[in-house]
Amino acid sequence: TEFNQFERAVSQYGPFEGPGAATGPGIVRGNYDLFAKHFEDDPIDLEKRLVLHLKKLPYTDPFADWPHFVATFIGTDGRRPQRLVNTFHSPALAEKWLREMRAKAPAGERERAQSTVRLFPNRAIAESYSQQWRRGK
């Protein structure tokens with residue numbers, strides 16, 4: 001009941017509108033006041049209970065059966081060798097991550113760094129490969 005009342009109040013605002021102006025970075029006091037008006041619970045306690053509830057719900061990853069890409073990066077942080085691996089559901093995200101990893105490497109090491117992106121038929125196979133690669137197998 002409280003949530004439905006809150007939802008009705010919030011739906012009165014248009015896109016990018018709200019009950020007040022920002023009072024600091026990421027702080028809109030009017031949003032908190034509107035929330036507190038409809039929910040008497042402590043927001044921190046409410047958030048904890050919500051997270052516990054959500055964790056109990058069944059979840060199926062909508063991308064699990066889609067093709068996945070594994071990006072591997074071998075380089076150095078200037079002192080130690082690095083073997084990094086990550087799994088993505090798009091090649092663009094994999095390439096972006098590799099660019100970020102290369103940019104973090106010391107300037108003299110960037111050209112020597114090795115990277116690959118491999119395609120796998122689904123997330124489970126991609127993550128299995130990632131785990132094996134991480135162990136050096």
Side-chain angles (χ1 to χ4, degrees):
T1 302
E2 293 169 330
F3 180 76
N4 289 335
Q5 291 171 350
F6 175 71
E7 192 175 58
R8 275 193 291 279
V10 171
S11 69
Q12 300 302 310
Y13 298 106
F16 302 108
E17 293 180 350
T23 57
I27 300 169
V28 180
R29 182 68 194 183
N31 287 347
Y32 177 81
D33 293 341
L34 180 62
F35 182 87
K37 175 181 171 185
H38 293 281
F39 298 96
E40 295 180 16
D41 297 337
D42 172 37
I44 294 171
D45 182 53
L46 184 63
E47 180 182 25
K48 287 178 186 175
R49 290 191 336 233
L50 175 64
V51 169
L52 288 173
H53 171 74
L54 292 175
K55 286 183 177 182
K56 291 178 187 176
L57 297 177
Y59 174 75
T60 302
D61 183 350
F63 298 107
D65 293 328
W66 288 29
H68 276 69
F69 301 84
V70 173
T72 59
F73 181 85
I74 300 173
T76 179
D77 66 2
R79 295 174 294 193
R80 297 180 309 254
Q82 286 185 312
R83 281 178 58 88
L84 305 172
V85 62
N86 211 333
T87 304
F88 302 90
H89 66 278
S90 84
L93 291 174
E95 293 293 344
K96 179 179 182 271
W97 180 77
L98 287 173
R99 283 192 304 274
E100 291 169 359
M101 295 304 101
R102 192 172 297 276
K104 289 180 181 179
E109 301 291 329
R110 291 180 189 152
E111 293 302 318
R112 289 194 290 255
Q114 300 172 13
S115 61
T116 61
V117 176
R118 291 189 60 183
L119 171 64
F120 293 88
N122 59 47
R123 183 169 193 85
I125 296 171
E127 287 181 345
S128 176
Y129 174 82
S130 293
Q131 290 171 358
Q132 291 176 13
W133 189 89
R134 192 175 286 118
R135 287 187 236 128
K137 296 181 180 182

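Counting begins at 1 with the first residue of the sequence.
The side-chain contact (heavy atoms from CB on, under 4.5 Å) search around R79 returns D77, not counting sequence neighbours. Taking F120 as the reference, Y129 meet the ring-ring contact (aromatic ring centres under 6.0 Å, His included) condition, with sequence neighbours excluded. Under the rule for a salt bridge (Lys or Arg N to Asp or Glu O under 4.0 Å), E7 has no partner lying at least two apart in sequence or in another chain. Under the side-chain contact (heavy atoms from CB on, under 4.5 Å) criterion, L50 pairs with L54, sequence neighbours left out. E109 is linked by a salt bridge (Lys or Arg N to Asp or Glu O under 4.0 Å) to R112, counting only residues two or more places apart in sequence or in another chain. With sequence neighbours excluded, the residues that form a side-chain contact (heavy atoms from CB on, under 4.5 Å) with D33 are R29. Residues that satisfy the side-chain contact (heavy atoms from CB on, under 4.5 Å) test with A105, not counting sequence neighbours, are R110. With sequence neighbours excluded, the residues forming a side-chain hydrogen bond (donor to acceptor under 3.5 Å, both in side chains) with E127 are R123, listed by chain and number. With sequence neighbours left out, the salt bridge (Lys or Arg N to Asp or Glu O under 4.0 Å) criterion links K37 to no other residue. In this structure E111 satisfies the side-chain hydrogen bond (donor to acceptor under 3.5 Å, both in side chains) test with no other residue, sequence neighbours excluded.
When hydrophobic clusters are built by joining Ile, Leu, Val, Met, Phe, Trp and Tyr residues whose side-chain heavy atoms come closer than 4.5 Å, directly or via intermediates, F35 is grouped together with V10. L93 and V70 are members of different hydrophobic clusters when ILVMFWY side chains are connected at heavy-atom separations under 4.5 Å. Side-chain heavy atoms closer than 4.5 Å link hydrophobic residues (I, L, V, M, F, W, Y) into clusters, and following such links, possibly through other members, connects V117 to M101.
Atoms CZ and CD, from R8 and Q5 in turn, are 6.0 Å apart once rounded to the nearest 0.5 Å. Put simply, CZ on R118 and CD1 on I125 are 11.5 Å apart, with the number rounded to the nearest 0.5 Å.
Taking a cutoff of 4.0 Å between a charged side-chain nitrogen and a carboxylate oxygen, E100 and K96 qualify as a salt bridge.
For the pair L84/T72, no side-chain contact is recorded, criterion being any heavy-atom separation below 4.5 Å from C-beta on.
Note on residues 43-56: pairs passing side chain to side chain donor-acceptor pair (under 3.5 Å), not counting sequence neighbours, are D41-R49, D45-R49. For residues 81-95, every residue pair satisfying the side chain to side chain donor-acceptor pair (under 3.5 Å) rule, not counting sequence neighbours, is listed here: T87-S130.
A donor-acceptor contact shorter than 3.5 Å links the side chain of H68 to the backbone of W66.
Considering all non-hydrogen atoms of both residues, L98 and T116 come closest at CD1-O, 3.8 Å. When all heavy atoms of F69 and P91 are compared, the pair lying nearest together is CE1-CD, 3.3 Å. What you find for S115 and F73 is that their closest heavy atoms are CB-CD1, 4.3 Å. Counting all heavy atoms, side chain and backbone alike, F39 lies closest to F3 at CZ-CA, 3.6 Å.
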